[in-house]
Amino acid sequence: MFKQRKNKRFNYKPRFQDSEDKKSRADFEAKWNDAKDGDKSRGKFLSSLPALIILLVLIFVIIYILEGYIR
């Protein structure tokens with residue numbers, strides 16, 4: 001009955017959009033992923049639950065030994 005309104009479409013291109021921005025962003029992401037991959041193996045061991053529990057037990061043992069020296 002009545003004409004339905006259609007959404008207007010605009011072909012808007014930002015003034016400062018450049019391929020340089022895409023290249024630099026891709027380059028940054030590649031460097032970031034390389035840095036993250038190199039750090040993964042080191043951080044995984046120290047953040048695992050068994051390693052943290054062993055570290056906590058070692059701290060308590062050292063505190064107990066040092067308490068013996070104080071008395």
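As the structure is a computational prediction, the values presented were derived from the model and not from experiment. Position 1 is the first residue of the sequence; numbering continues from there.
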Task: Evaluation steps, side-chain contact (heavy atoms from CB on, under 4.5 Å), between Leu66 and Ile70 - done: CA-CA 7 Å; Leu66 291 176; Ile70 292 175; 5.5 Å; no

Open item on the list: Is there a side-chain contact between Leu49 and Ile53 in this structure, where contact means two heavy atoms from C-beta onward sitting under 4.5 Å apart?
Closed with: yes

Open item on the list: Rounded at 0.5 Å granularity, tell me how far OG in Ser48 sits from CG in Leu55.
Closed with: 10.5 Å

TODO: State yes or no: do Val57 and Ile62 share one hydrophobic cluster built from I, L, V, M, F, W and Y residues joined by side-chain heavy-atom distances below 4.5 Å, directly or via other members?
DONE: yes

